[in-house]
Amino acid sequence: MNYIYKLTRLPKELHFGGKAEALHRLLQNRAPVPEGYAIAAEAFVQGALCPEAEAELAALTNRLPQNQHYAVRSSAAGEDGPEDSFAGAYDTVLNITAEKIPDAVRAVAASGNNARSAIYAQSRGTKQEGIGIVIQRFVSPDYAGVLFTADPVTAGTGYMSGSFVCGVGESLVSGEKCDGSFRINAVKYSYEGPGELKQYAKTLYHWAEKAVRIFGCPQDMEWAVCKGKLYILQSRPITTLYHNDRDKFLINDSLCGEYLLSKTNVGEIFLRPVSPATYGIICSITDFLGIPLLSNVCGQLYCNISGVCSVLASFGISKERAFSMVSDIAGAVPDCGGIPLFPYDKTILLKKLCSILAHSLQKKRGSLRRSTPDIINQTGMNIIGEIRHITLPRELYTFWDSRCVPYMHSALGAIVTGLSVKPLLTTRKKLEAVCGTELADRLISCRSGDAAPESLGILLALEDVISGKMTKEEYTARYGHRHADEMELSMPYPYENPDFPDNVIREYRESGADVLQMKADCEERSREAEEEFLQKYPKKAAWLKKRLDQYAAAVCGRERIRSSALRLFCVIREYLLKAGELTGLGEDVFMLYLEETRELLSGKSGAADKIPERKRIYTEQLAMPNFPSVLLGRFVPGEYMGEDAPAGSESMICGTAGSCGLAEGRVRVLTSPEDSEALEKGEILVVPAANIGWIRVFPKIAALVTDVGAPLSHAVIVARELGIPAVVNCGSASQRLKTGDMVCVDGSNGKVFLRDTHS
């Protein structure tokens, strides 16, 4: 058995320690790392080389060039890892000839039992589990230094900071000496520091940025410049920073970087903390799209405003313009005094877009056709039928790659390439510029006509079921996948309950509402607004028709694509349910990531041991209160004292205009659609967030008020189609207002007035 290998060829079955394995990965990516060798930890028995390893080392030193000098460093298990660095705990031997390497190896190996390493391990609660050794060509540096790719305190990645010494860097690492410091703007490259390092800074920045991508977290890098060439000596995670523990499902992205995070749009999609299974799938989807879109804070998901703005900035868009564009989509988001950006390589997104475009096209009889919502829906239902007939774990394992993955990629591609939001973002602004806010609001209300948005169809189709135009089975097939927690894989879909259509019809009848009449009344008000516009601006008739037609098509198209997208989650849930059945895990399967579930299906059993701890942590997350709608930087749930008071005064709450109109009435504060039986007709519904799960009670309410939300949310679109005033993104309205309060909701201006003080 061999124990010594080139750093470029480390076998997986042996353990070489954190430093060697990091250098190996850097070399695989062609980083300028001095060439060398690694001795596996298995070569040492009670701190000494075994006879076979001794012979290997002797043969190696005999064939190494005798005119070169070498460095011998430790590479212990856990050293240079995300939690522990062991910096300075083990001995290092530098600038020696080949003949002295065996003695240096023995000295470094013996340091595994020295007092420094023992004290460090004890203080960190870390177990020492063997030591490997790295032997490298020694570069005699003109300059040597360290570089942090993120702020070691705040985790901000907008700047990289470093320091250096002239000559060998050991004095810098030990803290004895520092000849200078420098800073690199990581978002839009620029160098600030001594002139002698400027010519090497851009190369250092390039490899630092690449190391972050390779290792997936901020890095503490050691580097050297020798005879005009830059070398990377080692790279390790910055251990002072928080690192997510995906294995235990301890995820808090707010501690992993300096980000502006918002629930404005995401909070109305995910009303509850996500399970491990859902989180894993969300990560896969965002990776497929190539955009750092979502962040997880102890199970609660946020839109990463910094991430989206950083992507836009990589294409030359100013920070201010990027924030404005994101706010148009996500709704009003305070910039909190500035948006932290981080470096993003735009080639990642460009490659992803090419892949997405390819996946959105399907071969059909020698030609190409684009996937459509109808194709996505039908294919998804076909796949679900096939999953339900699988009886063997191995068969289900292979089914994922053969059927599910191509379907997911094709569907995601169709969703991205078929989504048109520009008319949704620009129409209202263009109308406002001509006729003012109040008339513009009335013009865009209820513009869908006969082609109602899919979310509203959930209500309109009930009239068809009641009249006999649509069967209950057809209604279930079309709308049985829509509910409040429709993107949480652990929650059952309505179609899984055979009583679903009967329950919805009964609730609708008991409401005493006439949705068709509500829509007709709203359409009449919209026609009146159009006539008013044409009286004032008769020459803009064609212009107005074009704007409104494009807006209506975009609303319906976006709704239809969203509904189709959810078929993906239906397929994944059905796959996991079948996996739970075949492995005996039942619904505990949702405590595993997809890759772990597939490991179980392939015959590997280790992942199941992680379920109890994850289940405990997830249960704790479900019991946590809703976190603030906007986070900037570090957030620790245990220190959270409740949402700040919303903007406005004691008699007024300010939010974002969602659906125009005025409504007065009594407040009903609810937190879950399951509690909606308490809602009485004509009340003002106040909720933390409203999504499609609430739409079934809309015929009963006079107005809608939410803590988080955006004007383009699906619930708000339905409110506009039915003429229900809505104010969204109010901060903590559901905490400030109490059931029974009398309020006036001004949906046109985004304000809620307490009736007692409203004149």
Checklist entry - Would you find more than 12 non-hydrogen atoms of other residues, nucleotides or ligands less than 6.0 Å from Lys615 atom NZ? => result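 At most 12 heavy atoms, drawn from other residues, nucleotides or ligands, come within 6.0 Å of this atom.
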Please tell me if the side chains of [X] and [Y] come closer than 4.5 Å, counting only heavy atoms from C-beta onward.
{"X": "Lys202", "Y": "Tyr191", "answer": "no"}
{"X": "Asn244", "Y": "Tyr242", "answer": "yes"}
{"X": "Val297", "Y": "Leu261", "answer": "yes"}
{"X": "Ser163", "Y": "Val146", "answer": "yes"}
{"X": "Val708", "Y": "Thr264", "answer": "no"}
{"X": "Leu622", "Y": "Arg272", "answer": "yes"}

Measure the [atom1]-[atom2] distance between [X] and [Y] for me, rounded to the nearest 0.5 Å.
{"X": "Leu250", "Y": "Gln621", "atom1": "CG", "atom2": "CD", "value": "7.5 Å"}
{"X": "Lys210", "Y": "Asp345", "atom1": "NZ", "atom2": "CG", "value": "10.0 Å"}
{"X": "Leu631", "Y": "Gln300", "atom1": "CG", "atom2": "CD", "value": "9.0 Å"}
{"X": "Leu27", "Y": "Thr8", "atom1": "CG", "atom2": "OG1", "value": "6.5 Å"}
{"X": "Leu289", "Y": "Ile291", "atom1": "CG", "atom2": "CD1", "value": "6.0 Å"}

Checklist entry - Within 45° of the axis and under 6.0 Å from the centre of the six-membered ring of Phe315, does NZ or CZ of Lys346 qualify? => result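 Yes, Lys346 sits over the ring of Phe315.
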Item to check | Stacked cation flag Arg183 on Tyr159, 6.0 angstrom / 45 deg | outcome: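 Arg183 over Tyr159 ring: yes.
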Just by modelled atom types, is the [Y] backbone N or O under 3.5 Å from a matching donor or acceptor in the [X] side chain?
{"X": "Lys19", "Y": "Val134", "value": "no"}
{"X": "Glu596", "Y": "Tyr593", "value": "yes"}
{"X": "Arg614", "Y": "Pro276", "value": "no"}
{"X": "Tyr618", "Y": "Pro273", "value": "yes"}
{"X": "Thr286", "Y": "Ile282", "value": "yes"}
{"X": "His24", "Y": "Leu7", "value": "yes"}
{"X": "Thr154", "Y": "Asp151", "value": "no"}

Checklist entry - Angle class for the Trp223/Phe182 ring planes (parallel below 30°, perpendicular above 60°, tilted otherwise)? => result perpendicular
Checklist entry - Would you call the rings of Tyr143 and Phe164 parallel, tilted or perpendicular if under 30° counts as parallel and over 60° as perpendicular? => result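 Tyr143 and Phe164: perpendicular rings.
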Next on the checklist: Which residues pass the salt bridge (charged side-chain N to carboxylate O under 4.0 Å, His left out) test with Asp253, not counting sequence neighbours?
Outcome noted: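 Once residues adjacent in sequence are excluded, Asp253 has no partner under the salt bridge (charged side-chain N to carboxylate O under 4.0 Å, His left out) criterion.
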At their closest point, which heavy atom of [X] faces which heavy atom of [Y], and how far apart are they?
{"X": "Ala201", "Y": "Ile184", "result": "O-CD1, 3.9 Å"}
{"X": "Cys730", "Y": "Ile653", "result": "CB-CG2, 3.8 Å"}
{"X": "Phe342", "Y": "Gly307", "result": "CZ-CA, 3.4 Å"}
{"X": "Leu233", "Y": "Ala224", "result": "CD1-CB, 4.0 Å"}
{"X": "Gly167", "Y": "Ala144", "result": "O-CB, 3.3 Å"}
{"X": "Ala208", "Y": "Met221", "result": "CA-SD, 3.4 Å"}

Next on the checklist: Applying side-chain contact (heavy atoms from CB on, under 4.5 Å) to Trp207 and Thr203, what does each step give before you reach the verdict?
Outcome noted: CA-CA 6 Å; Trp207 285 110; Thr203 302; 3.9 Å; yes
Checklist entry - Salt bridge or not for Lys248 and Glu620, using N-O below 4.0 Å? => result no
Checklist entry - When you check the gap from the basic side-chain N to the acidic O, do Glu258 and Arg634 get nearer than 4.0 Å? => result no
Do you see a donor-acceptor pair shorter than 3.5 Å between the side chains of [X] and [Y]?
{"X": "Thr149", "Y": "Gln219", "value": "no"}
{"X": "Asn304", "Y": "Ser295", "value": "yes"}
{"X": "Ser275", "Y": "Glu488", "value": "yes"}

Next on the checklist: Run Asp707 and Ser734 through side chain to side chain donor-acceptor pair (under 3.5 Å) and show every step you take.
Outcome noted: CA-CA 6 Å; Asp707 293 347; Ser734 67; 2.5 Å; yes
Next on the checklist: Between Tyr302 and Tyr259, is the ring centroid distance below 6.0 Å?
Outcome noted: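 So the answer is no for these two rings.
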